[in-house]
2 protein chains.
Amino acid sequence: MPSSTVEDYLKAIFQLSRKSTDGKRVALGAVSEQLGLTAGTVTTMMKHLQSEDFVSYEPRRGVTLRESGEKAALQVLRRHRLIEAFLVDIMKLDWADVHEEAEILEHAISDKLIQRIDEMLGHPSHDPHGDPIPTATGEMDNATFAALADVESGHYQLMRVSRDDSEYLKWLSSHSLHPGQALQLVSRDHFAGVITLKVADAEPIQIGETAAQALLVKKC
Amino acid sequence: MPSSTVEDYLKAIFQLSRKSTDGKRVALGAVSEQLGLTAGTVTTMMKHLQSEDFVSYEPRRGVTLRESGEKAALQVLRRHRLIEAFLVDIMKLDWADVHEEAEILEHAISDKLIQRIDEMLGHPSHDPHGDPIPTATGEMDNATFAALADVESGHYQLMRVSRDDSEYLKWLSSHSLHPGQALQLVSRDHFAGVITLKVADAEPIQIGETAAQALLVKKC
DNA sequence: ACCTCTACTTTGAGTAGTCAAACTAAATAA
DNA sequence: TTATTTAGTTTGACTACTCAAAGTAGAGGT
Ligand SMILES: [Mn+2]
Ligand SMILES: [Mn+2]
Ligand SMILES: [Mn+2]
Ligand SMILES: [Mn+2]
């Protein structure tokens with residue numbers, strides 16, 4: 001069984017590979033950035049992960065997950081997201097706080113317990129941030145959505161929030177911005193980089209492009 | 001913060017110190033036995049724990065917990081037992097299976113979440129095995145009970161099961177032997193080392209002295 | 001074709017935890 | 001008292017993970 005360290009590496013590579021331009025290849029710099037480790041540490045680990053058949057690593061070109069690595073990554077992601085859903089729905093913790101907790105628990109919870117949690121929640125398809133939960137066999141919905149930052153005026157539904165930072169999520173909550181919420185992009189000032197939004201029938205709010213980058217929406 | 005390794009050492013020392021004849025002093029052999037580590041490993045760790053002010057260690061004489069070590073041990077015990085109670089009462093896992101799970105989760109669950117669990121359970125005083133749960137401030141009920149193996153015929157209440165082994169606990173379950181249960185010691189054969197028991201109005205059962213050693217009872 | 005900069009790799013070192021095997025203090029037996 | 005046994009200690013080695021700092025491959029700029 002992979003250690004929690006290895007699980008975190010595989011998860012990071014998996015997530016970076018989805019955003020990768022170059023096929024599914026991930027640059028080591030992105031990994032070290034994501035995990036907050038030095039470049040040398042990551043190089044060393046990549047050799048190790050390759051020797052364990054988790055990844056395929058070409059020096060100076062990057063890494064891609066091999067089958068067993070992807071499988072392991074999906075299991076970690078499944079545990080992470082089920083745990084988040086559990087903490088919000090059953091334990092009534094704030095969705096802004098559950099990420100950190102899940103980052104640790106994802107390595108500590110047994111298969112038996114994760115199965116129990118899954119049943120208890122009725123096999124949820126998405127976590128509290130709108131991220132899809134892989135099935136026990138490693139299937140994952142790979143729908144993609146446009147960022148609010150890249151979209152024109154109109155009516156949308158918030159599908160997913162792609163940022164973990166707790167303060168940001170708390171701010172979203174305070175404006176009822178959570179997955180599922182309907183909203184209207186009223187107008188945008190491209191030069192100032194500010195977007196005006198209406199959520200339900202509340203007062204319009206202003207939001208910067210960076211903040212809008214993490215709000216993934218569907219036209220409706 | 002102590003690592004999970006250190007937490008397990010402190011917990012082991014704490015639990016062994018309660019059974020200690022020589023004050024609260026614990027022999028290193030008992031620690032290595034309990035944790036399944038070699039003697040040398042434990043010696044090395046004791047020096048380290050002393051340097052961190054968790055224990056007081058006298059070579060060849062044993063260790064005792066210092067204040068901060070005892071405090072840490074009680075916190076781990078609290079987490080462990082609350083988690084067990086949670087897994088049984090809320091998650092509906094079998095009491096025979098929760099120990100292993102708790103052994104890991106006790107190091108992974110945050111204070112915030114443990115507090116949530118405690119509230120959700122209504123501040124329970126004992127875990128599913130009848131072990132007392134220390135309070136957040138480190139107070140613990142230290143009531144002691146006689147082992148069924150050491151007691152004469154009569155009516156008793158099962159208060160506590162002092163053994164973790166899952167097969168044993170499953171066997172107890174199958175005879176309705178769980179904390180709180182009333183039972184009658186019908187007779188005992190001191191030479192054969194066999195005790196005859198009646199639980200509620202079921203058929204009498206036979207139980208050996210070793211098995212009866214783990215059943216802690218109160219006269220009633 | 002050469003230079004430079006960036007991203008990556010290598011090297012050397014350190015922490016935390018562990019074991020096997022050699023050694024020793026001290027309790028117990030003779 | 002001396003010898004033996006037991007419990008504990010020391011030593012040397014190993015795995016897993018990490019960093020800082022020195023070194024290098026190769027992409028892009030001139
Ligand atoms: Mn993690
Ligand atoms: Mn999430
Ligand atoms: Mn533990
Ligand atoms: Mn217990």
Side-chain angles (χ1 to χ4, degrees), chain A residues 1-13 16-17 19-23 25-64 68-69 72 76 103-104 106-108, chain B residues 1-13 16-17 19-65 69 72-73 76 103-104 106-108:
Chain A
M1 288 300 94
S3 66
S4 32
T5 305
V6 166
E7 288 188 336
D8 281 338
Y9 274 95
L10 295 174
K11 189 174 55 148
I13 296 168
L16 291 167
S17 74
K19 304 171 198 161
S20 171
T21 45
D22 174 19
R25 191 155 35 212
V26 176
L28 300 220
V31 177
S32 71
E33 159 90 70
Q34 171 98 354
L35 297 175
L37 300 170
T38 63
T41 300
V42 173
T43 299
T44 308
M45 183 56 92
M46 289 311 108
K47 292 181 195 165
H48 180 232
L49 292 182
Q50 177 155 60
S51 82
E52 302 267 72
D53 211 57
F54 284 128
V55 305
S56 145
Y57 161 56
E58 294 167 77
R60 299 206 127 92
R61 319 208 55 242
V63 268
T64 54
S68 71
V76 181
E103 198 54 59
I104 300 191
E106 66 189 359
H107 313 292
Chain B
M1 286 301 94
S3 66
S4 33
T5 305
V6 166
E7 287 187 339
D8 281 338
Y9 274 95
L10 295 175
K11 187 173 58 147
I13 296 167
L16 291 166
S17 74
K19 304 172 194 156
S20 170
T21 45
D22 174 20
K24 289 169 169 267
R25 190 155 38 213
V26 176
L28 300 219
V31 177
S32 71
E33 158 91 70
Q34 171 100 355
L35 296 174
L37 301 169
T38 63
T41 299
V42 173
T43 298
T44 308
M45 183 55 91
M46 289 311 109
K47 292 182 194 164
H48 180 234
L49 291 182
Q50 176 154 64
S51 81
E52 303 267 73
D53 211 58
F54 285 127
V55 304
S56 147
Y57 161 57
E58 294 166 77
R60 299 208 128 90
R61 316 206 60 242
V63 267
T64 53
L65 287 180
V76 181
E103 198 54 60
I104 299 192
E106 65 189 359
H107 313 291

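Naming: A, B, ... by sequence-line order, numbering from 1 per chain.
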### Summary
Its 5'-most and 3'-most nucleotides having an atom under 4.0 Å from a non-hydrogen atom of chain A, DNA chain C is contacted over C:dA7 to C:dT10
Just distance, no hydrogens or angles: give the donor-acceptor pairs under 3.5 Å from side chains in residues 21-31 of chain B, sequence neighbours left out.
| residue | atom | partner | partner atom | Å |
| --- | --- | --- | --- | --- |
| B:D22 | OD2 | B:R25 | NE | 3.0 |
| B:D22 | OD2 | B:R25 | NH2 | 3.3 |
| B:R25 | NH1 | B:E58 | OE2 | 3.2 |

#### Entry: Contact list for DNA chain C against residues 57-65 of chain B - heavy-atom distance below 4.0 Å
B:R60
### Message
For D:dT9 and B:K47 - does any side-chain N or O of the residue sit under 4.0 Å from the phosphate oxygens OP1/OP2?
### Response
no
## Note on the structure
B:Q50 CD to D:dT9 C1', in whole Å, measures 15 Å
### Query
Sequence neighbours excluded, which residues qualify as side chain to side chain donor-acceptor pair (under 3.5 Å) partners of A:E7?
A:R79, A:H107
### Task
Answer with base, sugar-phosphate or nothing: what part of the nucleic acid does B:G40 contact at a heavy-atom distance below 4.0 Å?
base
### Task
Could you list the residues that satisfy side chain to side chain contact (heavy atoms under 4.5 Å, CB included) with B:T5, not counting sequence neighbours?
B:S3, B:Y9, B:M45
### Summary
d(A:S20 OG, A:I13 CD1) to nearest 0.5 Å is 12.0 Å
Expected rows: protein N/O vs nucleotides 14-17 of chain D N/O, under 3.5 Å:
| residue | atom | partner | partner atom | Å |
| --- | --- | --- | --- | --- |
| D:dC17 | OP1 | A:S3 | OG | 2.6 |

### Query
Who pairs with B:A72 by side chain to side chain contact (heavy atoms under 4.5 Å, CB included), at least two apart in sequence or on another chain?
B:L10
### Task
Hey, could you give me each pair passing side chain to side chain donor-acceptor pair (under 3.5 Å) that has a residue in residues 42-56 of chain A? Not counting sequence neighbours.
A:D53-A:R66
### Query
What are the two closest heavy atoms between A:A108 and B:A108, and how far apart are they?
CB-CB, 3.6 Å
### Message
B:E103: which residues meet the side chain to side chain donor-acceptor pair (under 3.5 Å) condition with it, sequence neighbours left out?
### Response
B:K11, B:H99
### Message
Suppose we screen for side chain to side chain donor-acceptor pair (under 3.5 Å). Which residues come up paired with B:T41, at least two apart in sequence or across chains?
### Response
B:T38
